[in-house]
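To keep things clear, I will list the structure first and then write my remarks on it.
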Amino acid sequence: MSNDLVRRRLMQAAAAAAGGAIMGIPMQTLAARAKGGLIVIGTTQKPRHLNSAVQSGIATMSPAAQLFAFPLLMNGKWKPQGYLADKYELSDDARSIRLHLREGATFHDGRPITSADFQFSFEAVRAHHPFKSMMGPVRAVTLDGPQVAVVRLEAPHPALLLAMSTSFMPIIPKHIFDDGQDLKSHPRNADPVGSGPFKLVEFKPGQHIIMDRYEDFFIKDQPAIDRLIIKEFRDPSSLVLALEKGEVDVHPQLLDPREIKRAQANSNLFIEKGHAPAIGPLNWLAFNTASPKLSDKRVRQAINFAIDKKFITDTLFDGIHQRATGPIANGSPFHSDKVEHYNLDLAKSAALLDAAGLKPDAGGKRLELQIDTIPGSPALKTLQEYVKAALAKVGIEVSLRQSPDFPTWAKRVSSHDFEMTVDSVWNWGDPVIGVHRTYDSTNIRKGVIWSNTQSYSNPRVDELMTKAATEPDEGKRKKLYAEMQKIVVDDCPQAFLIENTFHAGWNKRVSGPTDSIWGVMAPLAKNSVKT
């Protein structure tokens with residue numbers, strides 16, 4: 001950050017002394033040590049806590065990537081690199097991974113990071129993280145000295161290096177969290193002692209997360225800045241406005257075509273197309289297959305045929321995003337296009353509804369359904385409203401249910417208290433991590449959002465995913481996933497709508513983007529600001 005900009009922000013804060021804050025952050029907190037560089041990331045996500053060992057989602061994972069170290073990094077070319085583990089060895093039979101932790105690495109309270117902490121963290125993720133399939137083949141983590149840990153596997157696990165390259169796998173301090181309390185509700189989840197490049201200064205839910213440079217970080221000369229702030233905004237419009245004004249340096253999720261065009265017109269911004277490609281974000285209409293109204297797949301298929309995906313991509317989203325056709329994103333090497341595309345066909349939709357016994361009444365109505373959506377996203381709300389209008393054409397009357405906040409929506413959907421919902425669910429780099437969780441019949445877990453909340457069950461799909469998870473040959477994995485995708489799309493637990501193309505907005509005074517497939521869910525330890 002330039003000295004002039006620092007002075008301007010501080011002068012603005014002083015002029016607003018009655019409020020004592022700038023961007024909602026106390027002036028004295030913002031000013032402290034800003035001379036060494038400050039980056040502000042804007043978000044509309046609202047984390048409940050900061051421990052990504054027990055919570056999925058970008059709201060928690062983005063700050064956790066800065067507060068915690070993880071074993072490996074994955075660069076922009078999908079190549080694993082050392083991080084907290086400065087080297088690793090895969091056994092010849094692919095049944096174990098031996099990791100050597102850096103000598104001298106410490107937690108933010110000064111305690112050394114040891115293999116016992118690695119073991120504790122790994123087991124915490126295995127026991128509590130909602131992505132159960134991510135750790136499926138893991139048998140145990142054993143210790144071979146204070147700085148060496150060995151992950152032992154029942155079978156080859158081709159996705160494990162990827163899983164260990166982001167804040168899926170935060171290294172958390174055993175001496176803090178192993179105190180007998182339930183890890184999922186541990187009070188230190190919101191006030192953690194970290195292991196990463198930045199240490200927590202203040203977490204005010206609904207407002208901001210302030211982090212400072214950890215002076216004793218295990219990589220020399222990192223981080224390059226003194227302070228990192230994640231600032232929460234009430235809605236995407238206010239966040240984009242803050243980006244344009246220079247109050248925010250990084251906006252990692254520009255999705256709305258109008259907002260992207262506005263940002264592209266700003267000469268102070270660099271717009272990165274295809275930010276965080278490993279995420280594989282899909283927007284779909286999810287069905288509660290356990291609902292009597294939607295248990296017949298012909299009804300779900302009929303709804304799918306009634307939705308015009310070309311209109312969604314070309315008109316509603318102005319060609320910014322691409323069409324989704326199945327559970328594995330287009331950018332994945334395991335994506336298969338040989339599935340039913342459900343192109344708009346109102347006649348086929350009506351015939352399927354007739355065959356399912358849903359004949360229109362005198363007024364033309366066949367069925368009443370309710371649709372939810374994640375709150376706070378104009379794009380998802382647009383899809384929700386469009387689905388209502390589209391289904392009216394085939395005699396399905398849809399009522400819109402809005403949730404006041406994300407926890408309310410998550411509770412409804414994870415408790416299976418819904419009929420349909422517009423959702424945004426991500427592949428997370430490998431199907432084992434982000435796809436299996438949605439379709440694995442053993443992952444129907446009430447109370448856990450983004451598990452198998454559709455209550456979908458198909459034994460053949462379970463079998464195919466189990467084989468693919470441990471198949472080291474990529475070609476064979478592709479064949480297994482091709483069959484899996486064909487079955488899932490035919491069973492139709494979701495109607496696949498669009499695959500988001502993330503655009504990130506970077507103020508040009510900040511070095512970036514990051515060299516990582518994970519975008520800002522990788523550490524920003526190398527990013528600097530122009531002075």
Exercise for the section: Please report the C-alpha distance between Glu272 and Thr514 in whole Å, then the side-chain angles of each, then the deciding distance to 0.1 Å, and finally whether the side-chain contact (heavy atoms from CB on, under 4.5 Å) criterion is met. Expected result: CA-CA 10 Å; Glu272 175 196 4; Thr514 58; 5.9 Å; no
Practice task
I would like to know whether Trp409 and Thr421 meet side-chain hydrogen bond (donor to acceptor under 3.5 Å, both in side chains); could you show each step before the answer?
Solution key: CA-CA 9 Å; Trp409 173 85; Thr421 184; 3.0 Å; yes
Problem - Trp284/Phe496 under ring-ring contact (aromatic ring centres under 6.0 Å, His included): CA gap, chis, key distance, verdict - result: CA-CA 5 Å; Trp284 62 45; Phe496 299 98; 5.7 Å; yes
Practice task
Go through the steps to decide whether Arg437 and Asn452 satisfy the test side-chain contact (heavy atoms from CB on, under 4.5 Å), and finish with yes or no.
Solution key: CA-CA 6 Å; Arg437 59 186 168 125; Asn452 186 345; over 6 Å; no
Practice task
Evaluate the side-chain hydrogen bond (donor to acceptor under 3.5 Å, both in side chains) criterion for residues Asn443 and Ser451: first the C-alpha distance (whole Å), next the side-chain angles of each, then the deciding distance (0.1 Å), finally the verdict.
Solution key: CA-CA 6 Å; Asn443 202 36; Ser451 57; 4.9 Å; no
Practice task
Evaluate the criterion side-chain contact (heavy atoms from CB on, under 4.5 Å) for residue pair Ile225 and Asn527; output intermediate values, then yes/no.
Solution key: CA-CA 7 Å; Ile225 59 170; Asn527 294 81; 6.0 Å; no
Problem - Verdict with reasoning, Asp318 to Lys261, per salt bridge (charged side-chain N to carboxylate O under 4.0 Å, His left out) - result: CA-CA 11 Å; Asp318 203 21; Lys261 289 179 179 179; 2.4 Å; yes
Practice task
Could you give me the CA-CA distance, side-chain angles and deciding distance for His208 and Ile230, then say whether side-chain contact (heavy atoms from CB on, under 4.5 Å) is met?
Solution key: CA-CA 6 Å; His208 58 251; Ile230 298 178; over 6 Å; no
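The structure places OH of Tyr386 at 9.0 Å from CG of Leu497, a figure rounded to the nearest 0.5 Å. One distance of note links CG of Asp430 with CH2 of Trp78; it measures 8.0 Å at 0.5 Å rounding. Considering CG of Leu254 and CG of Leu239, their distance stands at 7.5 Å, rounded to 0.5 Å. Atom CZ of residue Phe418 and atom CZ of residue Arg412 lie 12.5 Å apart, to the nearest 0.5 angstrom. Taking OG1 from Thr325 and NZ from Lys338, the interatomic distance works out to 13.0 Å, rounded to the nearest 0.5 Å. To the nearest 0.5 Å, atoms NE2 (His436) and CZ (Phe131) are separated by 12.5 Å.
Contact detail for Val489 and Gly326: the closest heavy-atom pair is CG2-CA, 3.9 Å. In plain terms, the two heavy atoms of Ile260 and Leu255 that are nearest each other are CD1-O, 3.8 Å. For the pair Pro493 and Gln454, the tightest heavy-atom approach, listed with the atom from each and the gap, is O-CG, 3.7 Å. Between Asp249 and Leu38 the shortest heavy-atom distance is OD2-O, 3.7 Å. Contact between Ser165 and Leu162 at its shortest, heavy atoms only, is OG-O, 2.7 Å. Between Ser56 and His129, the shortest heavy-atom distance links the atoms CB-CE1, 3.8 Å.
The closest donor-acceptor contact from the side chain of Gln66 to the backbone of Ala522 lies under 3.5 Å. Remark: the backbone N or O of Ala482 is not paired with any side-chain donor or acceptor of Ser336 at under 3.5 angstrom. His321 places a side-chain N or O within 3.5 Å of a backbone atom of Thr501 that can act as its donor or acceptor partner. A distance-only check finds a donor-acceptor pair linking the side chain of Glu419 to the backbone of Gln370 [under 3.5 Å]. When atom types are taken as modelled, the side chain of Lys231 and the backbone of Val40 share no donor-acceptor pair closer than 3.5 angstrom. Of the possible polar contacts, one joining the Thr313 side chain to the Lys309 backbone as a donor-acceptor pair under 3.5 Å is found. For Ser424 (side chain) and Asn283 (main-chain N/O), no donor-acceptor pair under 3.5 Å exists by modelled atom type. Judged purely by atom type and a 3.5 angstrom limit, Tyr481 has no side-chain atom pairing as donor or acceptor with the backbone of Ile328. Remark: side-chain polar atoms of Ser238 are paired, donor with acceptor, to backbone N or O of Asp235 under 3.5 angstrom. In this structure a side-chain-to-backbone donor-acceptor pair under 3.5 Å is present from Asn427 to Ala329.
The pair Arg298-Asp296 meets the salt-bridge criterion, with a side-chain N (NZ, NE, NH1 or NH2) lying under 4.0 Å from an Asp/Glu carboxylate O. A salt bridge does not link Glu499 to Arg323: none of the charged side-chain nitrogens sits closer than 4.0 Å to a carboxylate oxygen. Between Lys310 and Asp314 there is a salt bridge, since at least one side-chain N of the basic residue sits less than 4.0 Å from a carboxylate O of the acidic one. The existence of a salt bridge linking Asp372 and Arg401 is confirmed by a sub-4.0 Å separation between a basic side-chain nitrogen and an acidic carboxylate oxygen. Using a cut-off of 4.0 Å between Lys/Arg side-chain N and Asp/Glu carboxylate O, Asp361 and Arg366 are scored as not salt-bridged. A salt bridge between Asp515 and Lys526 is absent, with no side-chain N of the basic residue lying under 4.0 Å from a carboxylate O of the acidic one. A salt bridge is defined here as a Lys NZ or Arg NE, NH1 or NH2 lying under 4.0 Å from an Asp or Glu carboxylate O, and Lys479 with Glu483 fails to meet this definition.
Between Phe233 and Leu241, the closest side-chain pair of non-hydrogen atoms is not below 4.5 Å. Between Asp462 and Asp440, some side-chain heavy-atom pair lies under the 4.5 Å cut-off. Within the 4.5 Å cutoff, the side chain of Ser441 has no heavy atoms near those of the Tyr456 side chain. Counting only heavy atoms from C-beta outward, the side chains of Pro80 and Met74 approach each other to under 4.5 Å. In this structure, Leu282 and Trp426 have side chains that are not in contact, with every pair of non-hydrogen atoms separated by 4.5 Å or more.
Within 6.0 Å of CZ in Arg460 there are more than 12 heavy atoms belonging to other residues, nucleotides or ligands. Under a cut-off of 6.0 angstrom, the local environment of NZ in Lys486 is sparse, with at most 12 non-hydrogen atoms contributed by other residues, nucleotides or ligands. The environment of NZ in Lys508 is crowded: more than 12 heavy-atom neighbours from other residues, nucleotides or ligands sit within 6.0 Å.
Residues His416 and Asn288 have side chains that never bring a donor and an acceptor to within less than 3.5 angstrom of each other. A donor-acceptor pair shorter than 3.5 Å cannot be found between the side chains of Arg300 and Thr289. With hydrogens and angles left out, the side-chain atoms of Glu202 and Gln207 include no donor and acceptor closer than 3.5 Å. Counting only N and O atoms by type, the side chains of Tyr439 and Gln494 include a donor and acceptor under 3.5 Å apart.
Between Trp428 and Trp518, the ring planes are tilted. Angles from 30° to 60° get that label.
Not counting sequence neighbours, Lys77 has no partner by the side-chain hydrogen bond (donor to acceptor under 3.5 Å, both in side chains) test. Applying the side-chain hydrogen bond (donor to acceptor under 3.5 Å, both in side chains) criterion to Asn189, with sequence neighbours excluded, gives Asn51.
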Exercise answer: donor-acceptor pairs, residues 375-382 side-chain atoms, under 3.5 Å, sequence neighbours excluded:
residue	atom	partner	partner atom	Å
Ser377	OG	Leu380	N	3.2
Lys381	NZ	Glu385	OE2	2.6
Thr382	OG1	Pro378	O	2.9

